[in-house]
Every structure is written in C-alpha cells, then in structure tokens.
Amino acid sequence: MRSEPMPTLTDYALAIRTEGSPPAPEGVRTVDLVLEEGDVISSTVGAMRSSGLTAADFRSPAIFLAPAGRHGLVTYAGLCGFAGRRIDAYADGVILRFSRLHHDGGPFPDSGEPDEALVWAQVGEPFADGVRCVALGPSQPGLVSPEAATVIRYAERLRMVPPDSSRDSLAMFVLVAALRRRSDDRFPFLSTGEEPVPVAEDDPEQGIDLEKVRQEAVRYRLEQGEDTESGSHHDERIREADAVDIRTLLRRLGSSSDGPDRDEWRCPRPRRHWNGDEDSSMHVYSDNRARCPGCDAEKLGPIRLALDVLGITPDEAASFILDSDRVVDMCAVREDA
C-alpha cells in the first residue's frame, strides 16, 4: 500500500499566525491573530473576531503556525473550537497532522474508573503537593500508562503542565484532549504546576481553562451562522453533498442496517465502542441526519459524519460524497486490528 506523501506548508489554503509565529510561505493566505491585553479567553476570541475569520475558512486545509514554547496553546485551543475539529499545526519546523489522528484515546487502556470521584488531577511535571499527578512520556508504558490514562480520562478537572517546546506541548495537549474525549474533545487547564491546591471544583486559581476557550470559540462560530457565504458555488456543493441520502454514505463507510425499517445502523466508528458496535447503535432520522449516542452530542448530516469518521475537511467530505463511489470500510478496522 502506497503511503500518503507528507504535506508541505504550500499545500494549505490558510495559515494562521499569532505573536511570535514563523512567517507563512508566499502564496498562502495568512491571517494574523492579535491578542489584546486583559483576560486571555476574551482576548483570544476577540482576536478571531477582529481577524475576519469565518467558519467557511476551515472548509479547506488550514494550519496554525505556532510560536516557540508553549505560548500558542491557548490560541490553538480557540482555533480548534472555532473550526469544530482539530487542525494541523507547524511547530519547531515540523508539520503536525493533528487533523488526521484518530479522534479518541481508545487505544490507550486505563486501569478502570475510580471508585471515588476524582475532582482535580494534574498531568505533567513538576508534580504538585495535594493533587493527584501523573506523567506522560517515553518512560511510561506505551507512552501512557494505564494509571495515567485513568487519571486523565476520569478526572472532572485536569491541570496540564506542558513541556517547553512548541511541538511537544501541542502533541501533549492533543493526546490529553483525546483521552478525555466523550462526544467531543475535552480540554484541560493550562497549568504551571505551581498553582495552589484546589479548594473547590470551580477554583479560578488553577491556570487557564482551555475548555472554556474552546466553548467560547464555538459560541462565536454559532453566532456567525453556519453559512457566511451563502449563494456561492462553493456552498452549493456543501449543501448538495449534505442532501445526499445519509444511508448511502453509511454503506460507503462500511456500515449496515440490521432492522427491517433500516433506521438502526452499525456506527462506522467501531474503535469508540468496546464491542465494535455490534449492537447497531446509530439511529438514522427522517431529516437525513444520524446520531450514535456514544459518539455524537447531536445529530449529524452527511458532511459532518464524513468529516468526523474520515478526519477530513468539509471540502474533502463534499468531494468524497459527490465525486467518488469509493468504499472505505471503517467497520472492518476493528475486525482487522
């Protein structure tokens, strides 16, 4: 099987920069996010507002040009929330293809759900007194030990102390968010490890709440509306693809229906199910949308389903649905593993 060639920065339609980011290559559209002084969460969303970014910008391949160190994590968290997915990043001279990674941390087994609720925990060093702490890295079995996976996955609130390098801090952030994923990634608090011991579930002294950054960016995207360029040929293709019978897409993703009414389908994301979803938990609705209770917070149309299952951009999803009859049997992935 031929491997997919590694991309270059010129393969992206949009490059997003912030203070300290490297320059974008010539010919690539560039958007600079300028953060004002003050509350970091408001400043991050405000920078996106001022930049003119729209949800439509992320229908084509986009990449975040990260500054040195861990300083780009807040901006990256906001961009993921605004895009509705992970986006690729360029850090320390390397393209990190986060958009192509498997969505959850299922391949990392844990040691079981704790008997008692774990309100606060920390991943990363330096370890703090009075807080349950775990580490990630080469010294851990399979990068993430079962104990660390349990703490990261089940802690109600999680502080993350990232490494100093831009590349490693972004990689750690994406891994932690994937391990905490339910219907969507759950982001940790960006911490130094030197904050005081938490005294309450909503203790405001525990670092920067990256999940709140994500949520505020999602809220801004929803304020814009789903389509800021209605009437264009580009958006007509998105709408046309979203009108294709979602059952046709499910078959091309390797799914099948067990029931005579063909409303219950096997989820095409078997790795997110302990039994490969042999019980067919995905329900298809009369409005041409579908939802798996274990994977989706809400009903998805064909475009969003293809985007989530295949890890592609909306433009790529439209091309897959409209211009191809290729079958990608995602339900065979677990069986062949």
Side-chain angles (χ1 to χ4, degrees), residues 14-22 24 29-58 62-91 98 120 122-124 155-162 166 169-170 172-174 176-177 180-196 198-228 297:
L14 173 67
I16 304 163
R17 303 176 67 255
T18 189
E19 183 178 359
S21 293
R29 181 189 166 210
T30 305
V31 171
D32 287 288
L33 302 183
V34 181
L35 276 65
E36 303 291 341
E37 294 184 2
D39 177 71
V40 67
I41 296 177
S42 299
S43 296
T44 300
V45 177
M48 288 190 285
R49 290 180 185 273
S50 301
S51 72
L53 275 176
T54 69
D57 291 324
F58 292 92
I63 190 165
F64 172 56
L65 306 182
R70 60 184 75 171
H71 307 294
L73 283 173
V74 179
T75 301
Y76 182 75
L79 289 171
C80 290
F82 187 67
R85 57 183 174 85
R86 299 173 200 152
I87 65 171
D88 291 352
Y90 178 75
F98 294 137
W120 277 98
Q122 177 181 305
V123 56
E156 295 179 18
R157 299 285 190 277
L158 183 72
R159 305 191 326 196
M160 183 189 78
V161 184
S166 178
S169 63
L170 283 164
M172 180 183 188
F173 168 71
V174 169
V176 167
R180 291 177 61 74
R181 184 181 180 92
R182 289 176 184 167
S183 60
D184 205 343
D185 284 359
R186 288 191 299 147
F187 293 175
F189 283 68
L190 178 57
S191 168
T192 63
E194 298 176 354
E195 292 84 3
V199 295
E201 182 176 350
D202 295 320
D203 190 330
E205 303 297 326
Q206 300 306 307
I208 300 171
D209 187 349
L210 297 181
E211 176 62 17
K212 187 174 181 181
V213 174
R214 185 188 73 83
Q215 292 174 0
E216 290 298 319
V218 169
R219 186 173 294 111
Y220 172 48
R221 184 184 76 230
L222 295 176
E223 286 176 11
Q224 287 191 341
E226 291 188 5
D227 190 358
T228 59

Notebook entry, point to check: How far does CZ of F189 sit from NZ of K212, to the nearest 0.5 angstrom?
Noted result: 9.0 Å
Notebook entry, point to check: Is the backbone of D202 close enough, under 3.5 Å, to the side chain of R157 for a donor and an acceptor to pair up by distance?
Noted result: no
Next item on the list: Say whether, by atom type as modelled, one donor and one acceptor occur between the side chain of R70 and the main chain of S169 under 3.5 angstrom.
Entry: no
Next item on the list: Write down the atom of F64, the atom of G72, and the distance for their closest heavy-atom approach.
Entry: CE2-O, 3.6 Å
Notebook entry, point to check: Would you say R86's side chain and C80's backbone share a donor-acceptor pair under 3.5 angstrom?
Noted result: no
Next item on the list: Answer yes or no: is there a side-chain heavy-atom contact under 4.5 Å between V161 and T192?
Entry: no
Next item on the list: Using modelled atom types only, decide if a donor and an acceptor are shared between the side chain of Q215 and the backbone of V213 within a distance under 3.5 Å.
Entry: no
Margin query: Using side-chain heavy atoms (C-beta onward) and a distance below 4.5 Å, is L65 in contact with T30?
Written below: no
Next item on the list: Check for a donor-acceptor pair, side chain of S166 on one end and backbone N or O of P67 on the other, with a separation under 3.5 Å.
Entry: yes
Next item on the list: Kindly say whether L190 contributes a backbone atom to a donor-acceptor pair with the side chain of Q206 at under 3.5 angstrom?
Entry: no
Margin query: Between S50 (side chain only) and A47 (backbone N and O only), is there a donor and an acceptor less than 3.5 Å apart?
Written below: no
Notebook entry, point to check: Are the side chain of Y220 and the backbone of G46 linked by a donor-acceptor contact shorter than 3.5 Å?
Noted result: no
Check: Is a donor on one side and an acceptor on the other found under 3.5 Å between the side chain of R180 and the backbone of A155?
Finding: yes
Check: Rounded to the nearest 0.5 Å, how far does CZ of R29 lie from CD1 of I16?
Finding: 8.5 Å
Margin query: Would the distance check show the side chain of S43 and the main-chain N or O of E36 forming a donor-acceptor pair, the cut-off being under 3.5 Å?
Written below: yes
